[in-house]
Amino acid sequence: MIDRLTDLGSITGALSLLCILILIGGEIVARNLLGISLHFSWDLAGYLMGACFLLSSAAAMKGGSHVRVTALLETLPPAVARALEVFACLVGFAICVTLSWALIDMAWLSGMRGSTAATAFRVPLIYPQAVLAIGAVLLTLQCLAQFLRLMCGEALATGPGLE
């Protein structure tokens with residue numbers, strides 16, 4: 001279930017990137033051909049970039065695309081390397097729980113206060129902040145999935161390394 005949610009987050013992150021392309025492309029066309037600016041495009045593009053980053057981060061972890069230094073693990077005895085991986089996974093999980101909690105709290109407070117962006121577009125901040133919180137929760141769940149994989153004796157995915 002976690003992997004399916006991760007995949008859904010990844011698709012949503014990719015759609016966010018597509019929306020950034022459309023917004024910035026529209027801004028360029030509007031400025032150069034129509035002589036006007038779409039004042040909201042840069043604000044929304046910034047929110048979409050955060051969404052793209054956090055919604056896709058769980059999929060990057062699942063696929064082994066996050067930075068992992070495996071040189072040390074390759075030199076250690078397998079049992080020690082596995083213990084180190086479990087420890088790193090638990091530390092990462094604790095960090096992700098803290099990040100998720102902070103982003104959920106921030107979105108909740110923005111919603112309770114009715115906070116809006118300080119720009120002319122006045123976006124209610126609960127919406128972009130909630131998307132960031134969802135992305136952080138997906139990353140937290142993927143950390144949990146990584147831990148469960150380790151406990152089941154599975155190897156974690158590793159992306160292509162740079163030599």
Discussion item. How close do Ser16 and Leu48 get, counting heavy atoms only, and between which atoms?
Written reply: CB-O, 3.7 Å
Item to complete: Keeping to residues at least two apart or across chains, list the salt bridge (Lys or Arg N to Asp or Glu O under 4.0 Å) pairs with something in residues 46-66.
Response: Asp7-Lys62
Worksheet item: So, Arg31 side chain and Leu38 main chain: donor-acceptor pair closer than 3.5 Å or not?
Response: no
Practice prompt. Taking Ser57 for its side chain and Leu54 for its backbone only, find out whether a donor-acceptor pair lies under 3.5 Å.
Written response: yes
Discussion item. Tell me whether Ser56 contacts the main-chain N or O of Phe53 through its side chain, where contact means a donor paired with an acceptor under 3.5 Å.
Written reply: no
Item to complete: Give the C-alpha distance, both sets of side-chain angles, the deciding distance and a yes or no for side chain to side chain contact (heavy atoms under 4.5 Å, CB included) between Val86 and Met151.
Response: CA-CA 8 Å; Val86 168; Met151 293 296 96; 3.4 Å; yes
Worksheet item: Say you draw a straight line from CG of Leu148 to CD1 of Ile2; how long is it, rounded to the nearest 0.5 Å?
Response: 6.5 Å
Item to complete: Determine whether more than 12 heavy atoms belonging to other residues, nucleotides or ligands lie under 6.0 Å from atom CE of Met112.
Response: no
Worksheet entry | Inter-residue atom distance Phe93.CZ - Thr98.OG1, 0.5 Å rounding | 10.0 Å
Worksheet entry | Leu17 reachable from Phe40 in the ILVMFWY side-chain graph, under 4.5 Å edges | yes
Worksheet item: Does any non-hydrogen side-chain atom of Leu125 lie less than 4.5 Å from one of Tyr47?
Response: yes
Item to complete: Evaluate the side-chain proximity of Thr116 to Val123: yes if any heavy-atom separation is below 4.5 Å, no if none is.
Response: no
Worksheet item: Between Ile95 and Phe87, is there a shared hydrophobic cluster once you connect ILVMFWY residues whose side-chain heavy atoms come closer than 4.5 Å?
Response: yes
Discussion item. Please check this pair: side chain of Arg122 against backbone of Ala117, looking for a donor-acceptor N/O pair closer than 3.5 Å.
Written reply: yes
Worksheet item: How far apart are the closest heavy atoms of Ile126 and Ala107, and which atoms are they?
Response: CG1-O, 3.6 Å
Worksheet item: How long is the span from the NE2 atom in His39 to the OG atom in Ser37, to the nearest 0.5 Å?
Response: 8.5 Å
Discussion item. Does any part of the side chain of Leu55, heavy atoms only, come nearer than 4.5 Å to the side chain of Leu138, both counted from C-beta?
Written reply: yes
Discussion item. Show the nearest heavy-atom pair for residues Thr6 and Ala58, with the distance to one decimal.
Written reply: CG2-C, 3.5 Å
Worksheet entry | Single-linkage hydrophobic cluster Leu132~Met49, side-chain heavy atoms < 4.5 angstrom | no
Fill in: Heavy-atom closest pair, residues Gly153 and Arg82
CA-NH2, 2.9 Å
Worksheet item: Is there a side-chain contact between Leu103 and Val137, using heavy atoms and a 4.5 Å cut-off?
Response: no
Practice prompt. Would you confirm whether Asn32, through its side chain, and Ile28, through its main-chain N or O, come within 3.5 Å as a donor-acceptor pair?
Written response: yes
Response to the item:
In this structure, CD of Glu27 is separated from CD1 of Ile36 (nearest 0.5 Å) by 8.5 Å
Discussion item. Consider side chain to side chain contact (heavy atoms under 4.5 Å, CB included). Of Leu23, Ile24, Ile22, Leu18, which one does Ile20 pass it with?
Written reply: Ile24
Worksheet, complete the sentence: When rounded to the nearest 0.5 Å, the distance separating SG of Cys143 from CG of Leu139 is 5.0 Å
Practice prompt. List for me each residue that meets side chain to side chain donor-acceptor pair (under 3.5 Å) alongside Arg149, sequence neighbours excluded, and say none if there are none.
Written response: Asp3, Gln142, Gln146
Worksheet item: With sequence neighbours excluded, what pairs up with Ser100 under the side chain to side chain donor-acceptor pair (under 3.5 Å) test?
Response: Thr140
Discussion item. Would you say Val131 ends up clustered with Leu44 if hydrophobic residues are merged whenever their side chains have heavy atoms under 4.5 Å apart, either directly or through other cluster members?
Written reply: no
